[in-house]
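Residue numbers count from 1 along this sequence.
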Amino acid sequence: MTAPRTDRKAFARLSLPERTYVADALRTETVGGVLLLVAAVTALLWANLPVLGDSYRTVAHFHLGPAALGLDLSVAHWAADGLLAVFFFVAGIELKRELVAGDLRDPRAAVLPVIAALCGMAAPALVYTLVNGAGGGSLAGWAVPTATDIAFALAVLAVIGTSLPSALRAFLLTLAVVDDLFAILIIAVFFTDSLNFAALGGALAGLGVFWLLLRKGVRGWYVYVPLALVIWALMYNSGVHATIAGVAMGLMLRCTTRDGEEHSPGEHVEHLVRPLSAGLAVPLFALFSAGVSVSGGVLAEVFTEPETLGVVLGLVVGKAVGIFGGTWLTARFTRASLSEDLAWADVFAVASLAGIGFTVSLLIGELAFAGDAVLTDGIKASVLTGSLIAALVATVLLKIRNAKYRRLWEAEERDDDLDGIPDVYEEHDPAYHLRMAEIHDRKAAEHRRLAEVKAAELAEVGGGAGEEGDGPA
């Protein structure tokens with residue numbers, strides 16, 4: 001006989017190991033998001049203060065690097081093509097981990113974030129296309145509002161959604177990893193104009209050597225770092241965006257543990273490289289990408305030009321509706337159902353956070369409108385505006401639901417037996433109930449003792465009053 005099929009709960013409570021991983025990842029991403037926010041604000045101030053604006057543009061467009069190798073690039077170009085490769089390297093490791101050890105390993109669990117991510121990318125692209133088709137704008141920027149900046153989104157979440165259930169946090173994290181994958185594919189497929197097959201062949205050969213060294217167990221940063229730089233340079237000169245090299249190398253790392261290993265090589269490398277990505281690479285990219293001139297006229301054009309309006313509406317409306325709609329469709333047409341603790345309003349509140357598209361959206365904007373500096377600045381301003389509006393909308397929605405989230409969070413965190421494991425994970429363990437019985441017995445004995453003491457005190461007071469023979473007051 002086959003076991004009966006059971007309905008799968010969407011956003012059900014995570015297992016304890018997965019919850020621990022999500023909590024650690026959120027702590028790291030939150031710090032990166034704060035640094036990213038500081039870098040973006042610094043860029044805006046540096047670019048718009050009268051005494052500093054010219055110096056910002058001078059630094060951003062200053063060229064350096066070996067021209068003979070095709071790497072005489074501006075500082076802003078180095079930040080976008082060089083430093084972001086580190087960010088995408090970490091994203092590649094995260095994706096590999098999700099595929100082999102996380103939610104994406106189980107096809108049933110992967111259906112929800114994958115469909116939600118796909119719908120969350122298709123809807124903004126459709127919104128942008130409709131706005132520009134109706135307004136006579138350029139369709140080249142259709143991919144700009146499709147990306148989600150997980151670091152920024154989680155930084156907002158850390159401030160306004162501290163009591164959000166871990167399952168919803170994990171959904172946002174997993175969705176962003178899938179979102180990164182498809183954003184990488186968009187960059188590789190749609191923003192490669194011409195190919196240098198010799199350089200591309202060299203990059204692929206370098207990746208083959210990288211993979212072989214990993215499989216042979218060769219260790220040492222002095223082997224892999226120079227090889228990674230060669231692969232990156234060849235990929236850049238091939239015409240394929242250089243960040244693809246970072247993703248490819250990240251996906252090659254093993255993210256499962258073997259006998260005698262406490263952490264997999266992927267986890268170890270991610271632990272070492274993530275501070276470089278979150279603390280240096282991404283903030284520097286933001287510093288030299290977010291510095292657009294902001295004035296009343298520029299902000300007005302964000303809402304009047306079809307290209308910039310399409311980006312804003314794509315991030316604010318398209319992302320929220322697409323992710324919410326994809327989640328609802330998954331629950332409607334599969335055996336998944338929403339957890340009893342949550343309402344669809346909760347899912348929409350989290351989906352609205354995905355409209356914060358910063359790092360990858362800025363990168364795609366630069367690639368889509370590389371030949372038009374004015375429109376590129378307008379697209380950057382629209383990404384900043386749309387991300388800010390999405391953050392404000394999410395703040396309002398999450399604050400409205402915050403009381404309910406707090407009750408759910410307290411139920412998840414409750415540890416009455418003080419063994420370091422939340423009680424919700426021990427409800428089916430007889431030992432837990434025996435510990436709780438002992439705790440309640442001790443409390444009951446203490447209450448009986450206190451009752452006897454109070455009764456004795458009342459008896460003494462009553463006896464003393466009768467001996468004095470005092471009449472009624």
Side-chain angles (χ1 to χ4, degrees), residues 65-66 68-71 73 77-102 104-105 177-258 261 263-274 276-277 281-282 285 359-360 363-364 367:
L69 298 178
L71 298 175
L73 310 177
H77 206 164
W78 275 110
D81 285 55
L83 291 177
L84 272 195
V86 179
F87 164 77
F88 278 104
F89 174 69
V90 175
I93 299 175
E94 289 179 338
L95 178 61
K96 180 67 172 290
R97 185 208 166 273
E98 289 294 327
L99 289 170
V100 301
L104 300 182
R105 176 185 56 179
V177 172
V178 178
D179 189 288
D180 283 343
L181 169 64
F182 288 109
I184 291 161
L185 293 176
I186 287 173
I187 292 172
V189 174
F190 294 99
F191 296 102
T192 300
D193 295 328
S194 59
L195 289 176
N196 181 331
F197 288 100
L200 181 60
L204 294 176
L207 288 172
V209 173
F210 189 89
W211 179 84
L212 185 62
L213 291 175
L214 289 173
R215 291 299 171 271
K216 293 295 184 181
V218 177
R219 296 187 177 184
W221 65 267
Y222 46 84
V223 175
Y224 291 102
V225 172
L227 178 59
L229 291 174
V230 171
I231 294 171
W232 174 87
L234 289 168
M235 189 68 75
Y236 175 81
N237 282 284
S238 73
V240 178
H241 199 269
T243 55
I244 303 302
V247 177
M249 287 184 281
L251 287 171
M252 289 182 181
L253 290 172
R254 177 168 56 84
C255 292
T256 54
T257 56
R258 294 175 178 171
E261 291 182 341
H263 301 287
S264 67
E267 290 175 310
H268 178 67
V269 173
E270 182 185 4
H271 178 74
L272 294 175
V273 179
R274 184 180 287 277
L276 177 63
S277 171
V282 177
F285 167 75
T359 305
V360 181
L363 175 62
I364 294 177
L367 296 174

J.: Within a radius of less than 6.0 Å around CZ of Arg258, do more than 12 heavy atoms belonging to other residues, nucleotides or ligands occur?
T.: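 Check fails, neighbour count at 12 or below.
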J.: Ignoring hydrogens, what is the shortest heavy-atom contact between Gly266 and Leu253? Give both atom names and the distance.
T.: CA-CB, 4.1 Å
J.: Quick check: closest heavy atoms across Val100 and Cys255, and the distance to 0.1 Å?
T.: CG2-CB, 3.9 Å
J.: When Ile184 is tested against each of Asp179, Leu95, Ile244 for side-chain contact (heavy atoms from CB on, under 4.5 Å), which residue passes?
T.: Ile244
J.: Looking at side-chain heavy atoms only, is the closest gap between Val282 and Phe87 below 4.5 Å?
T.: yes
J.: Could you tell me if the side chain of Asn196 sits less than 4.5 Å from the side chain of Leu200, heavy atoms only?
T.: no
J.: Determine whether Ile186 and Phe191 make a side-chain contact, defined as any pair of heavy atoms from C-beta on separated by less than 4.5 Å.
T.: yes
J.: Might you point out which heavy atoms bring Leu214 and Tyr224 nearest each other, and give the distance in Å?
T.: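 Shortest heavy-atom separation between Leu214 and Tyr224 comes out as N-OH, 3.5 Å.
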J.: Under the side-chain contact (heavy atoms from CB on, under 4.5 Å) criterion, do Glu270 and His263 qualify, and how do the steps go?
T.: CA-CA 11 Å; Glu270 182 185 4; His263 301 287; over 6 Å; no
J.: Look up atom CG in Leu234 and atom CG in Leu229, then write down how far apart they are to the nearest 0.5 Å.
T.: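 CG of Leu229 is found 11.0 Å from CG of Leu234.
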J.: Hey, could you give me each pair passing side-chain hydrogen bond (donor to acceptor under 3.5 Å, both in side chains) that has a residue in residues 231-253? Not counting sequence neighbours.
T.: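 For residues 231-253, and leaving out neighbouring residues, the side-chain hydrogen bond (donor to acceptor under 3.5 Å, both in side chains) pairs sorted by first residue read His241-Thr243.
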J.: Does some side-chain heavy atom of Met252 sit less than 4.5 Å from a side-chain heavy atom of Leu207?
T.: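 They are in side-chain contact.
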J.: Just so I know, are the side chains of Phe182 and Leu185 near enough to count as touching, which here means a heavy-atom distance under 4.5 Å?
T.: yes
J.: Looking at Glu261 and Arg254, is there a salt bridge between them, counting it only when a charged N and a carboxylate O are closer than 4.0 Å?
T.: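 Between Glu261 and Arg254 there is a salt bridge, with a charged N closer than 4.0 Å to a carboxylate O.
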J.: Under a 4.5 Å cut-off applied to non-hydrogen side-chain atoms, are Phe190 and Leu367 in contact?
T.: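 Sidechains of Leu367 and Phe190: no contact.
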J.: So Thr359 and Leu84, side-chain contact (heavy atoms from CB on, under 4.5 Å) or not? Walk me through it.
T.: CA-CA 9 Å; Thr359 305; Leu84 272 195; 3.8 Å; yes
J.: Distance from Leu251 atom CG to Trp211 atom CH2, nearest 0.5 Å?
T.: 14.5 Å
J.: Of all the heavy-atom pairs spanning Ala242 and Asp81, show the shortest one and how long it is.
T.: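 For Ala242 and Asp81, the tightest heavy-atom pair comes out as CB-O, 3.8 Å.
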J.: Is there a side-chain contact (heavy atoms from CB on, under 4.5 Å) between Thr257 and Glu267? Walk through the geometry before answering.
T.: CA-CA 9 Å; Thr257 56; Glu267 290 175 310; 4.2 Å; yes
J.: Just so I know, are the side chains of Phe88 and Val360 near enough to count as touching, which here means a heavy-atom distance under 4.5 Å?
T.: yes
J.: Do Phe210 and Val230 come close enough that some side-chain heavy atom pair is under 4.5 Å?
T.: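 No, their side chains stay 4.5 Å or more apart.
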J.: For residues Ser277 and Val90, report the shortest heavy-atom separation together with the two atoms involved.
T.: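 Heavy atoms of Ser277 and Val90 come nearest at CB-CG2, 3.9 Å.
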